[in-house]
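For reference, the structure is listed below as structure tokens.
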Amino acid sequence: MYKMPPRFIMVKRKKQPRITPDRTLTDNRGSPRPLQESGLRGSDRAPDDRSAMLGKLSGAAGSHNDEQSRRDTANHSASSQAREHALSSMEGTRSKFTLQRRQRQMFKMATWNVFSLTGKEYELVKEAQGYQLDIVGLSSTKQKRSGPVDLPNGWKLFLSSVEPTRYAQAGVGVLLSPLLADKVLEIWEQSERTMGLKIQLEKTTLAVVQVYAPNAESEYTAFLMEVEGILEKAAEADDFVLLGDFNAHVGTDCETWQGVIGKNDDAHLNENGRMLLDFCATQGLAIMNTFFQHKDIHKYTWYRDSLGQKSLIDFAIVPTCTLNKVCDVRVLRGAELSTDHHLVLCKLNLRINQIPTRKRRCRAPALTRIKWENLANEEVSENFAEGPSLSSPSFEEVLQAISSLNLRFAYNVHLHI
């Protein structure tokens, strides 16, 4: 007789008892059996009442579900007590201050050239609330007032501009959220193109510097000297960020300017961009817009659709030693304030409970560049034309140097042997 292989043997599963239309239970073979075998007594139901029997069955299932839920609740409470005990024992072995040291906070900062802030305060607060911003640096405010200004919903605006008797051409400001409005330690109102704030966090300090650079190359050097003066004050804080409209094109030469710019900028480079790169290399700063890759619509900060022009001139700059704290820099195209500049967002991840340590200033990257533009100065050009006055060594001096090198080499070989 042929036998099927073991893998083809079919196992017949045992069928569950079912209820027949005549309100009786059947076994696996289909033969009826009394209800007493199912655990229900016949006296508990009417002979012809199907709903009563189903109610008994549902009551038994409900009691089973209640018991299961009580068992799950007991297990959950036991696990919660064990977790609380583990946390309490961990706090006993590890100090509370060490746990607080690891806390970080994400700050959403932005810079925006608003092209005159007159009558736009309420719209500005609405846009800042919509994007949940903490700090907004403003350029080209064109205001004749300076100092703090209270805005709706607890927001506070700090302005730095010209005197009321002068014509306002620039103007800068910093908008703070209600959580940071009352935590300002110092205000540096330099001029209508630079200003800064020092903000107290939980156990650290943050300095925010907002600038608005001129377009003229003749005024750019004086502007950078003014920025350098305010950065000396901002360096006293634990962290600082430089925001604003710099009116400069820095290019994409990330090999020459290693650590200062990345490869995600516009290829155009102008004279203002060269001066800004020299300044950042000297001060140990990095232009963070160029380190993050985005689409063009999320990269260019200024546009003019009628002429098809666009450029990247609004930057977020941080010290090179804090590059890892910047999470992203990009353009937010949804913000609207009747200006031809986009809102530039900078996400900064800071430690708010770090242990105060000895302040160390960031070192400038080791860059070497010949400043050929200095040849425009007559004195520098004459000194360069004369060249260095170096006398060539004699033949005896060359032989003496070679012999000293040979003796030194022989001495090193003898030591290694």
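Here, residue 1 is the first one in the sequence, and each next residue gets the next number. Atoms considered below: every heavy atom in the structure, side chains included; atoms not considered: hydrogens, waters and symmetry mates. Quantities reported herein were computed from a predicted structural model and do not represent experimental measurements.
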Determine, step by step, whether Asp182 and Lys156 satisfy the side-chain contact (heavy atoms from CB on, under 4.5 Å) criterion, reporting the C-alpha distance in whole Å, the side-chain angles of both residues, the deciding distance to 0.1 Å, and the verdict. CA-CA 9 Å; Asp182 298 332; Lys156 184 172 288 188; 3.9 Å; yes

Donor-acceptor under 3.5 Å (Arg193 side chain, Tyr212 main chain):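 Judged by distance alone, yes, a pair lies under 3.5 Å.
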
Can you see which heavy atom on Leu277 is nearest to which on Val250, and at what distance? CD1-O, 3.5 Å

Once you measure the plane-to-plane angle for Phe223 and Phe246, does it fall in the parallel (<30°), tilted (30-60°) or perpendicular (>60°) bin?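 Judged by the thresholds at 30° and 60°, the geometry between Phe223 and Phe246 is perpendicular.
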
Only pairs at least two apart or in different chains count here, so list each salt bridge (Lys or Arg N to Asp or Glu O under 4.0 Å) that has a residue in residues 327-344. none

Residue pairs, two or more places apart or on separate chains, that pass salt bridge (Lys or Arg N to Asp or Glu O under 4.0 Å) and touch residues 135-148: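 Found Glu121-Arg145.
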
Between [X] and [Y], do the side chains contain an N or O donor and an N or O acceptor separated by less than 3.5 Å?
X: Asn113; Y: Ser139; value: no
X: Asn264; Y: His294; value: no
X: Glu226; Y: Ser191; value: yes
X: Gln190; Y: Trp188; value: no

Tabulate below the donor-acceptor pairs under 3.5 Å that side-chain atoms of residues 124-134 make, not counting sequence neighbours, or state none.
{"from": "Tyr131", "atom 1": "OH", "to": "Ala335", "atom 2": "N", "distance (Å)": "3.2"}
{"from": "Asp134", "atom 1": "OD2", "to": "Lys108", "atom 2": "N", "distance (Å)": "3.0"}

Taking atom CG of Asp238 and atom CG of Leu206, what is their separation to the nearest 0.5 Å?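 If we round to the nearest 0.5 Å, Asp238:CG and Leu206:CG are 9.0 Å apart.
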
